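These numbers were taken from a predicted model, which means no experiment stands behind them. Residues take their numbers from the sequence shown, with the count starting at 1.
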Amino acid sequence: MTDLKYEARLAVLADWAEAAAARGHMVPAREDLEAVSLAKSAAAAEANQAAVEPWIPTITWLLKQAAFGVTSPHLQLPTELSVPLGFAEAAEEIPEEAVVPAAPLTDAVAAAVAAPTVDVTLVDVSTGVKTDENPAEITVVAKIKPAAAAAKGPKWEAEAHADVKAAVKKFAKPLQDLLTRDANEGDTRLLITDMLCEGLGYDKFRDLTTEYMVKQDFADYGVRIDKQLVAFIEVKRVSQKLNERHLRQVQMYAVNEGVEWMILTNGQVWRAYHLTGGLPVIVNLAFEVDLLGPESLEEKAEKMFFLHREALKRRRIDELWKHRAATAPDALLDIILSDSVLDTIRKEVKRNTGIATTVQDISDVIRNEIVDRKLLTK
């Protein structure tokens with residue numbers, strides 16, 4: 001079985017060796033690079049140490065990059081690692097037959113996720129006494145530390161993520177206290193107002209309208225961004241389980257005002273729904289997060305980020321609900337029960353078993369014996 005990590009390490013070293021050889025440096029042979037890749041270390045016993053030792057800091061740095069999943073790290077090689085230790089002096093001591101340019105790899109394994117590089121600082125190099133019995137021993141001391149991660153995304157996004165993460169952490173205990181004493185809806189709403197303003201970037205006077213009137217009824221919050229009504233928030237007491245009746249309540253507000261987004265919360269659990277107008281209207285759950293649940297702080301903050309004022313303003317949440325809608329059980333069931341998919345299944349049944357069946361027979365089995373009946377709306 002192919003070892004993809006080994007191939008990735010070998011690809012990184014081979015690409016570097018080819019580039020170094022093109023600049024006139026002597027580099028370890030292909031079999032030495034294979035031994036180093038297999039051992040995950042420049043100190044591989046099977047490798048020709050006379051060829052490898054001048055490049056120990058470089059190879060160590062490259063292997064670290066390969067472990068992080070960085071592709072073509074030799075293109076980012078620090079200046080001090082682009083030449084062998086001792087440069088000309090070390091190169092002269094290596095027999096020419098011991099080193100050859102490494103052949104490039106074809107179809108090199110690309111890493112799935114790029115990661116930050118590392119900084120390598122050469123601290124000290126010492127050379128032992130060379131005798132006929134013992135080759136010169138080179139000791140390298142290097143300082144290796146992760147490099148500062150490159151900034152990803154716009155500044156507002158980083159700031160919003162930081163605000164949300166801090167708020168999720170800060171309000172965990174107050175939320176738990178409210179739950180412990182079974183606080184009423186009014187107290188729950190006070191805490192939610194603080195979360196909206198401190199953690200999600202809303203201005204209580206500019207962006208939030210409490211008791212927003214909708215046809216003789218009142219929504220707990222109307223959310224405005226740049227003077228445009230974009231969402232309703234319906235709040236229930238912290239100990240109350242959110243249910244379909246609560247959703248229908250906030251859905252009525254959204255339909256009457258032509259608003260796309262609905263947020264239902266009891267402070268602990270937050271659910272964001274998208275409403276698509278029409279007959280009938282379509283409501284999709286974009287996400288749900290339990291701020292006192294088992295998910296990590298980062299996972300909770302990542303979801304709540306989509307409710308941050310700046311994220312909602314830029315409609316970052318739209319792609320989230322589109323994906324959720326496209327992969328919802330009833331949407332996938334429609335695809336499974338489409339004529340093209342059923343016909344493909346029919347052909348596969350015939351190919352595997354030799355039994356001829358019909359699209360209708362397969363549809364009946366899927367509907368009646370496989371699929372949860374609650375999904376069958378047709």
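Ring-centre distance between H274 and W321: below the 6.0 Å cut-off.
Remark: the backbone N or O of E310 is paired with a side-chain donor or acceptor of R314 at under 3.5 angstrom. A donor-acceptor pair is defined here as one N or O able to donate and one able to accept, closer than 3.5 Å; no such pair exists between the side chain of D361 and the backbone of T357.
Looking at D318 and R315, a side-chain N of the basic residue comes within less than 4.0 Å of a carboxylate O on the acidic one, giving a salt bridge. Ion pair R181/D187 flagged as a salt bridge, since at least one NZ, NE, NH1 or NH2 atom sits closer than 4.0 Å to an Asp/Glu carboxylate oxygen. Look at E234 and K236 and you find a salt bridge, because one of the NZ, NE, NH1 or NH2 atoms lies within 4.0 Å of a carboxylate O, short of that distance. Here K170 pairs with E198 in a salt bridge; the nearest charged N to carboxylate O distance falls below 4.0 Å. Contact check on D182 versus R237 returns a salt bridge, with a Lys/Arg side-chain nitrogen under 4.0 Å from an Asp/Glu carboxylate oxygen. In this structure, E295 does not pair ionically with K300, as no charged nitrogen and carboxylate oxygen lie closer than 4.0 Å. Using a 4.0 Å cut-off between charged nitrogen and carboxylate oxygen, K303 and E299 do not count as a salt-bridge pair.
Counting non-hydrogen atoms of neighbouring residues, nucleotides and ligands closer than 6.0 angstrom, the CG atom of N243 exceeds 12 such neighbours.
Exactly one residue among T209, L208, L307 makes a side-chain contact (heavy atoms from CB on, under 4.5 Å) with V223. That residue is L208.
Here F218 is tied into one hydrophobic group with M213, each link being a pair of ILVMFWY side chains closer than 4.5 Å.
A donor atom on one side chain and an acceptor atom on the other are not found under 3.5 Å apart for Y253 and E257. Checking T193 against Y202 by side-chain atom types alone, no donor-acceptor pair falls below 3.5 Å. Side-chain atoms of K313 and Q228 include no donor-acceptor pair closer than 3.5 Å.
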